[in-house]
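See structure below.
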Amino acid sequence: MASRFNALKADAAWQKVWDESRTFSARDDSPKPKSYVLEMFPYPSGRIHMGHVRNYTMGDVLARFRRMQGMEVLHPMGWDAFGMPAENAAMEKKVHPGAWTRENIATMKAQLKRLGFALDWTRELATCEPDYYGHEQALFLDLLDAGLVYRKESAVNWDPVDLTVLANEQVIDGRGWRSGALIERRKLSQWFLKITQFADELLEGVQGLEHWPDKVKLMQENWIGKSEGLKFRFALDPNAGGTDQVEVFTTRPDTIFGSSFVAIAADHPIAQHLAAGNPEIAAFVEQCKLGGTTAAELETQEKLGWDTGLCATHPFDSEWKLPVYIANFVLMDYGTGAVFGVPAHDQRDFEFATKYALPIRRVVSDGDRADPAFHEDEAYTGPGTLVNSHFLDGMDVADAKRAVIVRAEEGGWGTGTTVWRLRDWGVSRQRYWGTPIPVIHCDSCGVVPAPRDSLPIVLPEDVTFDVPGNPLDRHPTWRDVDCPGCGGPGRRETDTLDTFVDSSWYFIRFASQPDDKPFDKSVAEQWLPVGQYIGGVEHAILHLLYARFWTRALRHMGKLDVAEPFAGLFTQGMVTHETYYRGEGTERVWYNPEDLDIAGNGATLKTDGAPVDIGRIEKMSKSKKNTVDPTGIVDQYGADAVRWFMLSDSPPERDLEWTENGIEGAWRFVQRLWRLFDQLAEQKDADGADVALDKKLHRTIAGVAEDVEALAFNKAVAKLYELTAAIEKASPSASRTNAIRALARIVAPMVPHLAEEAWALMGNDGLIADAPWPEVDPALLVDDEVTIAVQVNGKLRDTLVLPKGAAKDVAEAAALASENVQRALEGKAPRKVIVVPDRLVNIVA
RNA sequence: GCGGGCGUGGCGAAAUGGUAGACGCAGCGGACUCAAAAUCCGCCGGAGAGAUCCUUGUCGGUUCGAGUCCGACCGCCCGCACCA
């Protein structure tokens with residue numbers, strides 16, 4: 001009598017065995033080929049969610065599969081533990097950010113262990129601990145020594161009521177999330193890393209990333225945004241802006257004869273100078289500063305301009321004067337902070353010119369029209385021939401660009417330049433819960449690096465969050481220190497580092513974690529680059545670019561001989577869920593599905609029984625409260641069923657909507673597998689070969705290996721369903737016994753607890769986790785017969801079974817002999833016959 | 001606004017330019033059972049009695065042949081530098 005698989009008992013038992021035998025600890029000195037499998041480490045937000053389960057299950061299957069292929073696998077786990085939510089919790093719940101974070105880590109670690117991931121916990125790290133961030137401070141000083149760090153003024157979101165800096169996320173419709181005050185952009189002196197120094201190599205490096213998704217590579221290239229153009233100076237008249245010229249940058253020098261205005265940023269020095277002497281301009285500049293700092297906000301706000309009364313002289317015609325505007329859509333951070341406007345051939349300029357009644361003049365012909373009058377309702381930005389442009393007339397856009405650059409350089413008023421969309425990385429954060437920036441400010445010595453022997457500079461524990469702002473600013477005993485230069489009174493930097501810095505090198509620290517330095521070069525190089533990195537597509541740009549930069553900066557400093565940190569990248573889809581809410585706008589309250597009774601087409605709140613509104617299906621997030629806690633489900637069905645379900649159905653790169661449908665199916669399949677293993681253990685060995693089953697088995701071994709390598713787990717799962725069904729249907733034979741034994745190993749990476757239990761039950765020694773992946777017999781992968789499709793005029797009319805490799809004329813003759821084909825031809829003679837060997841015959845009549 | 005992606009049955013999906021819907025979920029019918037659970041067998045895109053026709057967001061194009069390639073459009077999603 002077959003027993004049922006007791007998942008809860010098996011989970012606990014095998015997790016204990018793996019733990020005690022340190023099965024998954026990676027050995028630096030192993031002679032085996034090394035494989036580094038890494039999933040993006042989690043932020044310890046409280047409890048793990050389904051997105052984590054999905055992410056880590058994928059990595060786990062690959063890690064276990066690589067072990068079975070005979071590799072020494074590094075598969076570590078840690079915590080991206082600094083960040084804002086801990087400070088918010090401190091304000092709301094009166095707990096210390098450190099206590100809150102460490103408690104979350106303990107909870108989440110237990111939850112991850114419960115899923116039986118093949119992780120090397122001996123290398124666990126948390127970025128909020130001094131034994132991590134102290135090394136980060138040392139690396140920051142290295143970058144400082146190498147000249148890759150500098151200070152400059154940069155805008156932040158300033159809440160004038162709470163008197164604090166807000167993150168973009170905390171600015172909602174231009175207002176502070178707590179105070180509701182209108183946010184303004186304010187400049188602060190901040191630390192920057194010179195990522196732009198590596199712009200060229202970061203861009204070129206993208207090409208070599210063969211195992212990255214094309215979409216991510218494209219996004220990185222566009223983000224870095226190399227553009228060739230012309231930087232040139234307009235003479236200004238009158239000299240009222242504090243200077244007699246303004247430098248602009250353009251990627252379209254070809255359109256220079258279509259310009260009708262010059263626009264400068266509100267924080268351009270000329271605008272600042274004018275504002276100082278004119279209250280109206282000062283008011284306009286202030287108005288431009290309202291609102292947040294995000295690109296989306298800046299680019300969608302209403303375009304505003306202020307005519308300064310200054311005139312710019314056209315470089316090719318000293319009689320041609322262009323008005324100079326201060327405009328809120330010009331960014332000081334890109335190019336020179338000033339542009340010339342060509343309304344006919346730039347949509348933003350078109351809208352601006354329409355609003356302020358400026359001339360719109362055609363200089364690029366789209367082929368239909370060449371006259372200067374431009375009456376279209378949007379700018380023409382496509383290719384064409386230059387018109388109304390003096391010496392440029394008749395050239396195409398590319399030639400005209402070159403011609404203008406040549407003239408500008410000859411005339412000495414401009415130079416051809418490369419500019420990057422990429423800006424240097426601002427790493428200063430006016431917050432407590434982050435890595436302290438290891439520098440000291442001194443009135444006499446200026447900014448002085450903290451002495452290396454003072455590292456780690458540890459965050460003070462005795463801080464309060466009862467008032468907004470950075471507690472480090474108001475902590476004199478921590479803040480006030482002697483200047484290492486002159487010994488006089490100094491003040492620690494109270495800004496902390498962006499948490500993206502923490503995540504820019506953790507994968508190196510996983511590979512090597514000595515006490516006395518960030519990492520050991522030769523040990524780290526044994527593991528790096530990460531062979532397969534897996535995480536959410538939301539990190540496709542920033543985190544990945546920063547980590548690539550950090551790695552290149554280390555190479556530049558001679559500290560690590562690795563160019564790219566992640567050889568393979570996979571971006572998984574998000575786990576989504578319906579949302580539930582009441583109320584509108586700022587009054588809206590979100591509800592967690594666990595607090596609701598959800599039936600067919602409605603949902604009610606358990607506490608009051610009244611209905612709630614059902615919102616859209618969205619990414620699971622704390623703010624929308626549409627998260628599902630995996631723990632209850634793991635306790636109910638066992639780790640293997642949850643893992644199996646996470647791998648089934650949805651392709652891993654696509655979003656997965658969590659529904660409770662399907663976990664039942666996964667549970668049933670786990671039991672189905674168990675019955676096969678359990679029955680095999682009871683029955684006597686059978687004799688005889690079953691060639692069809694042998695073929696199915698070997699095709700599955702090969703197919704699953706291919707799918708797992710490609711992280712196409714849903715396809716591997718489908719193949720395993722088919723193999724299981726085939727085994728169940730087969731009569732007892734030596735082939736069948738062999739197939740069941742092999743099946744245990746094929747499913748082992750996905751349902752490891754069940755597989756270990758089966759392995760032991762079938763009388764094997766050791767762990768299945770250490771067993772090799774089954775070998776494929778290539779002879780069993782080929783068929784001697786194939787089914788080919790027969791089409792008439794591209795429509796399927798019949799199928800034929802032919803010997804594999806049948807000659808074209810044999811296939812054609814067989815197709816023409818088909819009754820269905822003759823009927824479809826209606827007596828017409830074939831004009832052409834296309835034969836694709838072993839696939840199809842298409843008869844064109 | 002800019003950049004990137006996605007769109008196939010009731011649902012999740014599969015398909016080197018070559019038989020659309022493998023596999024799973026849900027559903028329906030049946031077997032076993034006193035009954036239920038579990039399990040097993042069968043059906044399962046739409047229309048039609050059938051031959052057959054229609055069907056991969058919409059429209060157009062390339063091709064002997066398009067879910068797949070190209071163009072335009074519609075819808076949804078992600079990122080936009082201080083969320084992680």
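This is a predicted model, so every value here is computed, not measured. Residue numbering restarts at 1 for every chain, and letters A, B, ... go by the order of the sequence lines.
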Practice task
Looking at every strand, decide which applies to A/Thr300 at a 4.0 Å heavy-atom threshold: base, sugar-phosphate, or nothing.
Solution key: base
Handout entry: Any donor-acceptor N/O pair under 3.5 Å between B/rC6 base and A/Arg654 side chain
Key = no
Handout entry: A/Asn714 side chain near B/rA14 phosphate (N/O to OP1/OP2, under 4.0 Å)
Key = yes
Problem - Candidates B/rC25, B/rG5, B/rU19 - which lies nearest the side chain of A/Leu218 - result: B/rG5
Practice task
Select one nucleotide: of B/rC83, B/rG4, B/rC40, the one nearest the side-chain heavy atoms of A/Arg675.
Solution key: B/rC40
Exercise for the section: For nucleotides 41-51 of chain B, just jot down a letter per nucleotide in 5' to 3' order: B, S or -, based on protein non-hydrogen atoms under 4.0 Å. Expected result: ----------S
Exercise for the section: Report the glycosidic orientation of B/rG42: syn if within 90° of 0, anti in every other case. Expected result: anti
Handout entry: Under-3.5 Å donor-acceptor pair between A/Gln190 side chain and B/rC82 base
Key = yes
Exercise for the section: Determine the contact category for A/Pro42: base if any of its heavy atoms lies under 4.0 Å from a base atom, sugar-phosphate if only primed atoms, P, OP1 or OP2 are that close, otherwise nothing. Expected result: nothing
Fill in the blank from the handout: Testing B/rC82, B/rA13, B/rA84 for proximity to the side chain of A/His539, the answer is B/rA84
Practice task
Compute both the distance and the angle, then confirm whether A/Arg421 meets the cation-pi test with A/Trp223: under 6.0 Å from the six-membered ring centre, within 45 degrees of the axis.
Solution key: yes
Practice task
Give one of base, sugar-phosphate or nothing for A/Leu422, where a contact means two heavy atoms less than 4.0 Å apart.
Solution key: base
Exercise for the section: Using a heavy-atom cut-off of under 4.0 Å over every strand shown, decide if A/Trp425 touches base, sugar-phosphate, or nothing. Expected result: nothing
Fill in the blank from the handout: Here the helical stems involving RNA chain B, each at least 3 consecutive Watson-Crick or G-U pairs closer than 3.5 Å, sorted by first residue number, are B:1-7 with B:74-80, B:10-12 with B:23-25, B:27-31 with B:39-43, B:45-47 with B:52-54, B:57-61 with B:69-73
